[in-house]
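Computation of the quantities below employed the complete heavy-atom set of this structure, encompassing side-chain atoms and omitting hydrogens, waters and symmetry-equivalent molecules.
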Protein chains: 4
Amino acid sequence: MIDKNSPVPIYSQIEEYIRDLIRKGELQPGQTLPSEREYSEQFQVSRMTIRQAITKLVNEGYLYRKKGSGTFVAETKFEQALQGLTSFTEDMKARAYAK
Amino acid sequence: MIDKNSPVPIYSQIEEYIRDLIRKGELQPGQTLPSEREYSEQFQVSRMTIRQAITKLVNEGYLYRKKGSGTFVAETKFEQALQGLTSFTEDMKARAYAK
Amino acid sequence: MIDKNSPVPIYSQIEEYIRDLIRKGELQPGQTLPSEREYSEQFQVSRMTIRQAITKLVNEGYLYRKKGSGTFVAETKFEQALQGLTSFTEDMKARAYAK
Amino acid sequence: MIDKNSPVPIYSQIEEYIRDLIRKGELQPGQTLPSEREYSEQFQVSRMTIRQAITKLVNEGYLYRKKGSGTFVAETKFEQALQGLTSFTEDMKARAYAK
DNA sequence: GTGGTCTAGACCACT
DNA sequence: GTGGTCTAGACCACA
């Protein structure tokens with residue numbers, strides 16, 4: 001799934017891997033992601049690499065983090081992809097979570 | 001008052017908040033502090049975070065804890081310097097607790 | 001070595017265990033301690049319990065922590081008394097860390 | 001369910017109440033009990049009273065406690081009541097949990 | 001891959 | 001009903 005010899009940066013590959021799981025619905029909105037440490041072991045890469053991938057997905061609005069609790073799949077992106085525009089309220093709600 | 005998005009750790013912010021209350025005299029020597037669980041609810045953080053703040057103030061001699069009773073404002077170094085001598089008993093009591 | 005049914009808090013037992021290693025010279029000044037997560041596994045207790053033990057030893061000046069690197073044995077008061085003067089630089093370094 | 005005006009001590013009433021839940025299978029072996037604080041609120045009694053009740057059930061082998069985790073329904077008593085004697089292995093297993 | 005911070009609880013010891 | 005200890009994790013900042 002992840003090719004360490006690929007010219008594509010590993011964090012991009014992981015980023016794409018997670019984005020796919022969300023798009024395919026294998027990771028549902030509100031659901032907790034595997035922890036950074038789990039991904040770190042699974043892909044045999046450093047936690048920094050995992051964090052790079054996750055941080056991009058957070059910035060893109062796919063995920064949000066809650067310190068001490070975990071990383072979660074956001075509502076917005078999923079609905080945007082599915083339904084086009086989200087309502088103002090939903091948007092604000094998602095942003096609130098992202099804090 | 002407390003900014004969860006600040007790079008300053010929450011427990012440091014709370015520590016500073018309580019230290020200020022003492023300095024401004026809103027918390028008087030001998031007075032009982034709100035309980036850890038009350039602060040926990042007030043600031044919407046976990047009790048361990050509150051304990052980190054209070055523990056630092058205990059180590060600095062601003063507060064002392066009494067098991068089963070609560071957390072109290074100590075006879076501070078500041079007041080000792082300002083008001084001269086405290087009574088021997090009070091002094092020993094404060095020192096004992098300050099440990 | 002650690003008795004979970006003892007009335008002595010586990011963190012105190014671990015604190016004493018590490019202090020002994022230092023006193024007996026099995027942990028030499030400057031040496032890196034096993035990581036908190038290693039101790040956590042070794043003693044089958046949560047990391048927070050290990051941290052309580054280590055934090056006390058840090059406050060007492062036996063150990064110092066370096067973010068991202070590890071926990072190290074300090075140039076102890078004991079050795080300072082025994083060996084006379086340490087170099088100015090080493091001394092300042094130890095004091096800085098001991099804070 | 002609990003009668004504060006009864007001559008039967010409140011902790012005995014609570015003890016009996018929980019024992020019944022176990023006997024009726026509403027609390028299954030391995031299951032977590034509601035926390036001391038929850039019971040304390042539910043019955044409007046102090047936590048000491050709850051602890052008295054639970055401690056008796058622990059001593060009788062109906063429950064076991066895991067610090068930091070919770071109080072759980074034991075296997076033994078249930079099986080003893082149902083099947084008479086438990087096997088040596090099961091007994092040891094239950095004792096192991098009780099640690 | 002370490003230490004730092006934090007969560008959302010739990011049971012324990014004590015007043 | 002307080003503070004004390006502890007769990008089983010999580011994410012964060014750094015080297």
Side-chain angles (χ1 to χ4, degrees), chain A residues 32-41 45-51 54-55 58 63-72, chain B residues 4 7-13 32-40 44-55 58 63-72, chain C residues 4 7-13 32-40 44-55 58 63-72, chain D residues 32-41 45-51 54-55 58 63-72:
Chain A
T32 308
L33 238 69
S35 75
E36 296 175 357
R37 257 162 230 282
E38 275 182 73
Y39 273 137
S40 171
E41 270 183 52
V45 299
S46 93
R47 293 183 54 267
M48 281 310 292
T49 306
I50 301 295
R51 280 183 67 73
I54 290 179
T55 297
V58 167
L63 303 174
Y64 62 92
R65 303 200 241 226
K66 258 180 91 178
K67 198 174 179 178
S69 297
T71 304
F72 303 85
Chain B
K4 291 198 183 178
V8 179
I10 296 171
Y11 73 82
S12 293
Q13 295 180 47
T32 308
L33 243 68
S35 77
E36 296 173 352
R37 285 170 181 88
E38 276 182 70
Y39 270 137
S40 174
Q44 288 292 298
V45 300
S46 85
R47 193 181 148 212
M48 287 310 288
T49 302
I50 300 294
R51 277 185 69 76
Q52 262 185 287
I54 290 179
T55 296
V58 167
L63 303 175
Y64 61 91
R65 302 200 243 225
K66 264 178 88 174
K67 220 187 278 191
S69 297
T71 303
F72 303 85
Chain C
K4 291 199 184 179
V8 179
I10 295 171
Y11 74 81
S12 294
Q13 296 180 46
T32 309
L33 243 69
S35 76
E36 297 173 350
R37 284 171 183 86
E38 277 181 69
Y39 271 138
S40 172
Q44 289 293 297
V45 299
S46 85
R47 192 181 150 214
M48 287 310 288
T49 302
I50 301 294
R51 277 184 69 75
Q52 261 184 288
I54 291 179
T55 296
V58 167
L63 303 174
Y64 61 91
R65 302 201 244 226
K66 265 180 87 176
K67 222 188 277 192
S69 298
T71 304
F72 303 85
Chain D
T32 308
L33 238 68
S35 75
E36 296 176 356
R37 258 162 230 282
E38 276 183 71
Y39 273 138
S40 170
E41 271 184 49
V45 299
S46 95
R47 291 183 55 268
M48 281 309 292
T49 305
I50 302 294
R51 280 184 66 74
I54 291 179
T55 296
V58 167
L63 303 175
Y64 62 92
R65 303 198 242 225
K66 257 180 90 178
K67 197 173 178 179
S69 296
T71 304
F72 303 85

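- Backbone-only engagement by C/Ile10 is indicated by non-hydrogen atom pairs under 4.0 Å involving sugar-phosphate atoms exclusively.
- Distance CD/C/Gln52 to OG1/B/Thr55: 8.5 Å, rounded to 0.5 Å.
- Evaluation of the side chain to side chain donor-acceptor pair (under 3.5 Å) rule for A/Arg37 yields no partner, not counting sequence neighbours.
- For DNA chain F, the stems formed by at least three consecutive Watson-Crick or G-U pairs, with both atom-pair distances below 3.5 Å, span E:1-14 with F:1-14.
- For the 3.5 Å distance criterion, the side chains of A/Ser46 and A/Arg51 fail to qualify, holding no donor opposite an acceptor.
- If you check every strand for non-hydrogen atoms under 4.0 Å, D/Glu38 touches sugar and phosphate atoms only.
- Between the side chain of C/Lys4 and the backbone N or O of C/Gln44 there is at least one donor-acceptor pair closer than 3.5 Å.
- Reading DNA chain E from its 5' end, the first and the last nucleotide to sit under 4.0 Å from a heavy atom of chain D are E/dG9 to E/dT15.
- Between the CG atom of B/Leu63 and the CG atom of B/Leu33 there is a distance of 5.5 Å, given to the nearest 0.5 Å.
- Considering only residues two or more places apart in sequence or on other chains, C/Gln13 meets the side chain to side chain contact (heavy atoms under 4.5 Å, CB included) condition with C/Ile2, C/Asp3, C/Ser6, C/Val8.
- Taking both residues in full, the closest heavy atoms of B/Ala53 and B/Tyr11 are given as CB-O, 3.3 Å, listed atom of the first, atom of the second, then distance.
- Between C/Ser12 and A/Pro34, the residue anchored nearer the 5' end of DNA chain F, judged by the nucleotide with its closest heavy atom, is C/Ser12.
- Projected onto DNA chain E by closest heavy-atom contact, B/Gln44 and C/Thr71 fall at different nucleotides, the more 5' of which corresponds to C/Thr71.
- Counting non-hydrogen atoms under 4.0 angstrom, D/Ser35 reaches the backbone sugars and phosphates but no base.
- Checked by atom type and distance alone, the side chain of D/Ser40 pairs as donor or acceptor with a backbone atom of D/Val45 at under 3.5 Å.
- At the heavy-atom level, D/Thr32 lies nowhere under 4.0 Å from the strands shown.
- Tested against A/Arg47 for a salt bridge (Lys or Arg N to Asp or Glu O under 4.0 Å), the candidates A/Glu36, A/Glu38, A/Glu41 yield a single pass: A/Glu36.
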Atom pairs, protein N/O to nucleotides 12-15 of chain F N/O, distance under 3.5 Å:
residue : atom : partner : partner atom : Å
F/dC12  : OP2  : A/Arg51 : NH1          : 2.2
F/dC12  : OP2  : A/Arg51 : NH2          : 2.8
F/dC12  : OP2  : A/Arg65 : NE           : 3.4
F/dC12  : OP2  : A/Arg65 : NH1          : 3.4
F/dC12  : N4   : A/Arg47 : NH1          : 3.4
F/dC12  : N4   : A/Arg47 : NH2          : 3.0
F/dA13  : N6   : A/Arg47 : NH1          : 3.1

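- Applying the side chain to side chain contact (heavy atoms under 4.5 Å, CB included) criterion to C/Thr32, with sequence neighbours excluded, gives C/Phe72.
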